[in-house]
Amino acid sequence: MKNKITYLIDDDKLSIKLMSMLIAKNNFCEEIISFHNPKTALDELKNNAKDPSKLPDVILLDLNMPVLDGWQFLDEFILIEFSKEIVVFIVSSSIDPSDLEMAKNYPIVKDYIIKPLTSEKLKQASLLIENEVG
């Protein structure tokens with residue numbers, strides 16, 4: 001699978017900036033769309049659920065955010081019927097074993113990446129995406 005669109009969902013603007021630069025440098029995808037508010041991302045996903053050309057191939061999701069945290073995002077995300085498969089990676093600074101364990105309860109979460117995101121971690125994610133869909 002060629003990763004065309006990646007959604008970055010993180011309330012930290014510096015994290016989004018740094019991850020965007022790293023993603024671009026590593027040719028992880030063709031287009032990055034970032035959201036500082038997970039609710040806005042969910043609304044966008046719901047609006048485009050039936051149009052695969054407007055949906056991301058990959059979502060990089062932070063956990064600890066105000067308004068709606070990563071777990072609440074996932075709980076709503078799994079209720080949406082999408083016209084294509086979307087791969088989700090949690091990208092969090094949390095090393096709490098309960099977070100790592102909880103991620104396993106969501107089959108759509110392909111991996112739990114501990115910040116900071118690195119070129120090596122992006123390469124591993126790319127391999128998981130290829131094996132998952134391609």
Side-chain angles (χ1 to χ4, degrees):
M1 167 185 145
K2 176 69 178 123
N3 177 15
K4 289 187 168 59
I5 302 171
T6 296
Y7 275 15
L8 285 182
I9 305 173
D10 194 321
D11 63 310
D12 182 354
K13 290 181 174 149
L14 181 60
S15 283
I16 290 225
K17 178 82 174 147
L18 294 173
M19 285 194 291
S20 295
M21 290 167 52
L22 187 67
I23 287 167
K25 181 180 157 204
N26 286 277
N27 298 315
F28 183 73
C29 61
E30 294 173 16
E31 182 182 1
I32 302 164
I33 301 173
S34 57
F35 297 90
H36 302 290
N37 180 337
K39 181 85 180 92
T40 309
L42 269 175
D43 291 343
E44 188 74 13
L45 288 163
K46 286 176 188 171
N47 290 340
N48 296 318
K50 300 296 176 223
D51 185 350
S53 69
K54 292 185 178 176
L55 289 172
D57 299 294
V58 176
I59 295 175
L60 301 179
L61 175 68
D62 187 28
L63 288 180
N64 301 313
M65 297 179 283
V67 183
L68 196 70
D69 69 23
W71 303 121
Q72 293 165 315
F73 174 91
L74 286 169
D75 288 340
E76 288 196 39
F77 178 86
I78 59 176
L79 300 176
I80 305 169
E81 252 186 73
F82 294 107
S83 54
K84 75 174 193 183
E85 183 171 356
I86 300 172
V87 179
V88 178
F89 291 92
I90 291 173
V91 182
S92 177
S93 54
S94 171
I95 55 169
D96 185 334
S98 66
D99 282 340
L100 293 162
E101 205 48 46
M102 191 133 117
K104 294 177 184 170
N105 295 328
Y106 295 90
I108 55 157
V109 173
K110 298 307 167 213
D111 201 5
Y112 189 108
I113 301 169
I114 297 171
K115 288 181 181 175
L117 190 61
T118 62
S119 293
E120 189 53 43
K121 290 174 184 175
L122 268 182
K123 284 180 190 138
Q124 290 172 348
S126 290
L127 289 174
L128 283 172
I129 294 165
E130 286 172 27
N131 292 338
E132 182 62 29
V133 188

Could you state the interatomic distance from NZ (Lys25) to CG (Asn27), rounded to the nearest 0.5 Å? 11.0 Å

Roughly how far apart are Thr118 OG1 and Lys123 NZ, rounded to 0.5 Å? 8.5 Å

Do any N or O atoms from the side chain of Asp10 and from the backbone of Ile16 form a donor-acceptor pair under 3.5 angstrom? no

Would you compute the distance between atom CG of Leu68 and atom CG of Asn37 and round it to the nearest 0.5 angstrom? 7.5 Å

Joint cluster assignment, Leu61 & Leu128, ILVMFWY side-chain distance < 4.5 Å: no

Would you kindly confirm whether Val109 and Phe73 end up in one hydrophobic cluster when ILVMFWY residues are joined by side chain heavy atoms under 4.5 Å apart? yes

Within the distance-only criterion (no hydrogens, no angle test), does the side chain of Thr6 pair as donor or acceptor with the backbone N or O of Ile59 below 3.5 angstrom? no

Any idea how Tyr106 and Trp71 line up, ring-wise: parallel (<30°), tilted (30 to 60°), or perpendicular (>60°)? parallel

For atom CG of Leu14, is the number of surrounding heavy atoms from other residues, nucleotides or ligands below 6.0 Å larger than 12? yes

Asp69 backbone acceptor or donor facing Gln72 side chain under 3.5 Å: yes

Taking it one step at a time, do Ile23 and Leu122 satisfy side-chain contact (heavy atoms from CB on, under 4.5 Å)? CA-CA 8 Å; Ile23 287 167; Leu122 268 182; 4.0 Å; yes

Enter the distance from Ile129:CD1 to Glu85:CD here, rounded to the nearest 0.5 Å. 10.5 Å

State, yes or no, whether a side-chain contact exists between Asp62 and Asp12 at a heavy-atom distance under 4.5 Å. no

Is there a side-chain contact (heavy atoms from CB on, under 4.5 Å) between Leu45 and Phe35 once you walk through the steps? CA-CA 12 Å; Leu45 288 163; Phe35 297 90; over 6 Å; no

Polar side-chain atom of Asp11 near backbone of His36 as donor-acceptor pair, under 3.5 Å: no

Between CD of Glu76 and NZ of Lys46, what distance do you get to the nearest 0.5 Å? 4.5 Å

Does Lys115 offer a backbone N or O that forms a donor-acceptor pair with the side chain of Lys121 under 3.5 Å? no

With side-chain contact (heavy atoms from CB on, under 4.5 Å) as the criterion, how do Ser126 and Asn3 come out once you've worked through the C-alpha distance, each side chain's angles and the decisive distance to 0.1 Å? CA-CA 8 Å; Ser126 290; Asn3 177 15; over 6 Å; no

Same apolar cluster (I L V M F W Y, side chains within < 4.5 Å links), Met19/Leu63: no

If you apply the rule side-chain contact (heavy atoms from CB on, under 4.5 Å), what do you find for Phe77 with Ile86, and how did you get there? CA-CA 10 Å; Phe77 178 86; Ile86 300 172; 4.0 Å; yes

With a 6.0 Å cut-off (strictly less than), is the heavy-atom count around NZ of Lys54, excluding the residue itself, greater than 12? no

At their closest point, which heavy atom of Ser20 faces which heavy atom of Leu8, and how far apart are they? OG-CD1, 3.3 Å

Distance from Asp57 atom CG to Tyr7 atom OH, nearest 0.5 Å? 10.5 Å

Is there a side-chain contact between Pro38 and Val67, using heavy atoms and a 4.5 Å cut-off? no

Taking every non-hydrogen atom, the tightest pair across Leu117 and Leu22: O-CD2, 3.2 Å

I'd like to check Ile33 versus Glu44 (side-chain heavy atoms, cut-off strictly below 4.5 Å). Are they in contact? no

Does the side chain of Ser98 pick up a donor-acceptor pair with the side chain of Asp96 at under 3.5 Å? yes

Say whether, by atom type as modelled, one donor and one acceptor occur between the side chain of Lys84 and the main chain of Leu55 under 3.5 angstrom. yes

Please report the shortest heavy-atom distance between Ala103 and Ile90, naming the atom on each side. CB-CD1, 3.8 Å

For the student: nearest non-hydrogen atoms of Ile114 and Ser94, plus distance: CG1-O, 4.2 Å

Just by modelled atom types, is the Ser53 backbone N or O under 3.5 Å from a matching donor or acceptor in the Lys4 side chain? no

Ile78, Ile108, Val58, Ile9 screened by side-chain contact (heavy atoms from CB on, under 4.5 Å) with Val88, the one that passes: Ile108

So if you build clusters from Ile, Leu, Val, Met, Phe, Trp, Tyr with side-chain heavy-atom gaps below 4.5 Å, do Ile95 and Tyr112 land together? yes

So, Asn26 side chain and Phe28 main chain: donor-acceptor pair closer than 3.5 Å or not? no

Which atom of Ile32 lies closest to which atom of Ala24, heavy atoms considered: CD1-N, 4.3 Å

Test item: Lys50 side-chain N/O and Asn47 main-chain N/O as donor-acceptor pair under 3.5 Å: no

